[in-house]
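Residue numbering restarts at 1 for every chain, and letters A, B, ... go by the order of the sequence lines.
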Number of protein chains: 2
Amino acid sequence: MATLDLSTDVVDLTAALCDIPSVSKDERVIADAIEQALRGLDHLQVERDGNVVVARTDLGRDERVVLAGHIDTVPLTDPPNIPTRRVDGMLVARGSTDMKGGVAVQLKLAAELTEPSRDVTYVFYDCEEIEEEFNGLKRIAAEHPDWIEADFAVLLEPTAGGIEGGCKGTMRVELTTKGIAAHSARPWNGHNAIHDAADLLQRLSDYEPQTVTVDGLDYHEALNAVHISGGIAGNVIPDRCTVAVNYRYAPDKDTEAALAHVRSVFPGYDVRLTDAADGARPGLDRPAAQAFVAALGLPVVAKEGWTDVARFSAIGVPAVNFGPGDPNLAHTDDERCPEQQIRDCEEALTRWLA
Amino acid sequence: MATLDLSTDVVDLTAALCDIPSVSKDERVIADAIEQALRGLDHLQVERDGNVVVARTDLGRDERVVLAGHIDTVPLTDPPNIPTRRVDGMLVARGSTDMKGGVAVQLKLAAELTEPSRDVTYVFYDCEEIEEEFNGLKRIAAEHPDWIEADFAVLLEPTAGGIEGGCKGTMRVELTTKGIAAHSARPWNGHNAIHDAADLLQRLSDYEPQTVTVDGLDYHEALNAVHISGGIAGNVIPDRCTVAVNYRYAPDKDTEAALAHVRSVFPGYDVRLTDAADGARPGLDRPAAQAFVAALGLPVVAKEGWTDVARFSAIGVPAVNFGPGDPNLAHTDDERCPEQQIRDCEEALTRWLA
């Protein structure tokens with residue numbers, strides 16, 4: 001059984017968290033250690049479901065905010081990239097970037113902010129790095145939505161210390177052209193479905209994506225073919241050609257509005273929705289968010305990729321990404337995090353919540 | 001050991017041939033029976049190589065013609081569609097259409113035309129219905145080209161009693177557009193190779209194929225995409241898109257000329273040749289061919305699909321397709337052939353060669 005000492009320095013605590021192996025689906029030990037450490041704190045109510053741990057202050061403040069982070073990592077290297085090494089002011093270990101530094105900040109704030117300026121819910125969840133069906137935050141949002149109700153949420157994923165607000169939605173659709181199969185020596189008996197895809201691809205090529213400003217942030221939309229396939233055999237006129245299109249849309253749109261837009265680009269085509277995940281508004285119009293930005297004094301940019309902030313947005317909680325570590329090093333064999341970014345993150349969030 | 005009686009009626013002989021199972025790669029028994037029957041005829045020289053049997057007259061005529069047919073069939077049905085049944089003037093059996101009727105005509109002529117008006121080479125070959133590498137005619141053309149030297153060839157594949165002259169060539173090329181992979185939430189970091197395929201498909205869609213007259217027959221060319229693929233994952237800008245294009249070209253062109261034409265349709269693209277099989281001129285300018293057409297008194301049309309006549313053309317022997325049976329019934333479970341077409345074919349070729 002691992003134990004965590006929340007009175008240690010945030011960098012030492014990050015190293016201690018990295019040294020508890022917690023590859024996705026194997027988070028019980030680290031979840032136990034987090035739960036045990038938090039249950040020792042009288043100012044917090046602690047909930048546990050599977051390997052999700054949620055701790056809350058309940059001071060009756062006007063606002064409630066969430067600080068959330070996942071406790072799993074991608075697999076270790078071989079030989080394993082733990083225990084943590086310290087090299088030139090960096091923590092070098094699996095999870096140092098993604099995202100034990102953020103989790104350590106959550107735990108330090110949970111321990112030290114006994115009377116925060118707004119009520120705080122600390123969410124520690126499992127299985128973020130694998131298939132979405134296992135995602136702990138998704139499960140909690142479905143089964144215990146009251147545990148994570150709030151006015152604003154911060155996801156402590158690595159942003160190298162910057163603030164990335166909300167996120168774009170993502171949708172995939174399929175468009176299929178239909179022809180008539182025939183022997184390719186006698187194509188006049190058929191109709192070539194691949195040739196018909198020319199118009200469809202030209203529409204994509206000509207498409208001018210919009211930039212949409214939401215709560216003051218600029219989201220750059222995008223509409224792209226991500227897959228194409230057609231053809232039966234080398235001597236047969238193809239009877240169908242299918243193009244998969246990915247639409248990345250600003251968080252002012254829900255699935256219905258996004259699909260209507262895609263359909264408007266392809267009039268007369270059958271546009272089949274295969275999957276969609278709406279984006280997240282940054283919620284920078286909310287007082288809690290404005291206080292957050294003011295306290296941190298950092299520029300805010302739009303998050304272009306889809307992240308778990310969208311799960312908060314889906315239950316009405318605007319959210320931003322803010323955490324230590326270079327996101328480009330996440331999942332690499334060379335994962336490492338500047339110690340100073342972890343300290344800066346702790347200090348910034350303390351400024352906001354103290 | 002099966003035996004064949006060449007003195008029987010051509011329809012009975014067809015049935016006897018059908019009743020010897022001879023699925024591709026299992027032609028030894030039927031080849032033995034054919035060889036044995038032909039070796040009993042003093043006016044023929046007989047050669048055997050593997051399951052190919054070649055028999056020739058050697059009368060010193062000014063012209064030599066080939067009558068060729070394959071002795072294999074596609075697999076039997078389950079339960080097997082042999083022995084042959086006779087229904088309403090039809091032979092019903094595997095091989096009745098493709099092409100034991102033609103083989104029976106070859107054997108009857110070989111037995112009866114002891115002094116034909118032109119020297120005749122009868123070619124019986126194996127493995128026509130499977131991968132080209134096993135094709136017996138291909139092998140003989142490479143290893144014993146002298147066995148099949150001639151001024152003109154008739155392939156007795158089913159044409160429902162019409163004459164189909166020569167055949168078009170067929171070539172496949174690949175064209176690939178190249179882009180730069182990137183996350184599809186940030187496509188400005190990449191370049192979409194599928195979108196770039198729009199121009200390529202539009203060129204195919206706009207292409208106006210030529211009709212080329214060769215030796216008096218009209219060959220309808222065709223240029224078609226037969227396959228397209230591109231895309232790595234649903235969230236990645238595709239870095240390549242590959243289109244396979246099939247060009248069916250008139251027998252006035254060889255591979256080099258055909259490839260030059262394809263390249264002229266796609267200026268600036270890298271056109272990669274993947275395979276090619278040139279067509280066959282019908283050779284209707286040759287005296288032997290003109291005598292053939294005159295003797296039969298039938299219209300001649302161009303053969304659109306590639307056939308083994310091209311193997312003769314490749315060694316300088318013009319060739320036509322002429323044989324009993326509806327080609328649309330070839331390979332079907334319902335394979336059958338009108339008895340009269342077999343008799344008519346024997347009679348027509350006898351008129352030409354007697």
Trainee: Going through the checks in order, is the side chain to side chain contact (heavy atoms under 4.5 Å, CB included) test met by Lys168(A) and Arg186(B)?
Mentor: CA-CA 11 Å; Lys168(A) 289 191 295 206; Arg186(B) 293 176 289 275; 5.6 Å; no

Trainee: Measuring heavy-atom distances to chain B, does Ala244(A) have an atom under 4.5 Å in its side chain, in its backbone, in both, or in neither?
Mentor: neither

Trainee: Once you round to the nearest 0.5 Å, how far does CG of Asp199(B) lie from CD of Gln202(A)?
Mentor: 7.5 Å

Trainee: Sort Leu200(B) into side chain, backbone, both or neither according to what part of it lies under 4.5 angstrom from a heavy atom of chain A.
Mentor: neither

Trainee: Using non-hydrogen atoms only, which part of Ala233(A) is less than 4.5 Å away from chain B: side chain, backbone, both, or neither?
Mentor: backbone

Trainee: I'd like to know which of Gly305(B), Ser205(B), Ser184(B), Pro187(B) tops the heavy-atom pair count under 4.5 Å against chain A.
Mentor: Ser184(B)

Trainee: Between chain A and each of Cys167(B), Pro238(B), Cys241(B), count heavy-atom pairs under 4.5 Å; write down the option with the most.
Mentor: Pro238(B)

Trainee: Which of the residues Leu201(A), Ile194(A), Ile228(A) is involved in the greatest number of heavy-atom pairs with chain B at under 4.5 angstrom?
Mentor: Ile228(A)

Trainee: Checking heavy atoms, do the side chain of His220(B), its backbone, both or neither come under 4.5 Å from chain A?
Mentor: both

Trainee: For chain B, find which of Thr274(A), Asp206(A), Val226(A), Asn192(A) contributes the most heavy-atom pairs closer than 4.5 angstrom.
Mentor: Val226(A)

Trainee: Counting heavy-atom pairs under 4.5 Å with chain B, which one of Gly231(A), Ser229(A), Gly234(A) comes out on top?
Mentor: Gly234(A)

Trainee: Rounded at 0.5 Å granularity, tell me how far NE2 in His195(A) sits from CG in Leu223(B).
Mentor: 7.0 Å

Trainee: Atom CD of residue position Glu174(A) - does it have more than 12 heavy atoms of other residues, nucleotides or ligands inside 6.0 Å?
Mentor: yes

Trainee: Contact part of Thr170(B) toward chain A, heavy-atom cut-off under 4.5 Å: side chain, backbone, both or neither?
Mentor: neither

Trainee: Please classify the contact between Asp275(B) and chain A as side chain, backbone, both or neither, with a heavy-atom cut-off of under 4.5 Å.
Mentor: neither

Trainee: Quick one: which of Asn235(A), Val243(A), Val245(A) has the most heavy-atom pairs under 4.5 Å with chain B, could you say?
Mentor: Asn235(A)

Trainee: Does any backbone or side-chain atom of Trp188(B) lie under 4.5 Å from a heavy atom of chain A? Answer side chain, backbone, both or neither.
Mentor: side chain

Trainee: Side chain, backbone, both or neither: which part of Asn246(B) has a non-hydrogen atom closer than 4.5 Å to chain A?
Mentor: side chain

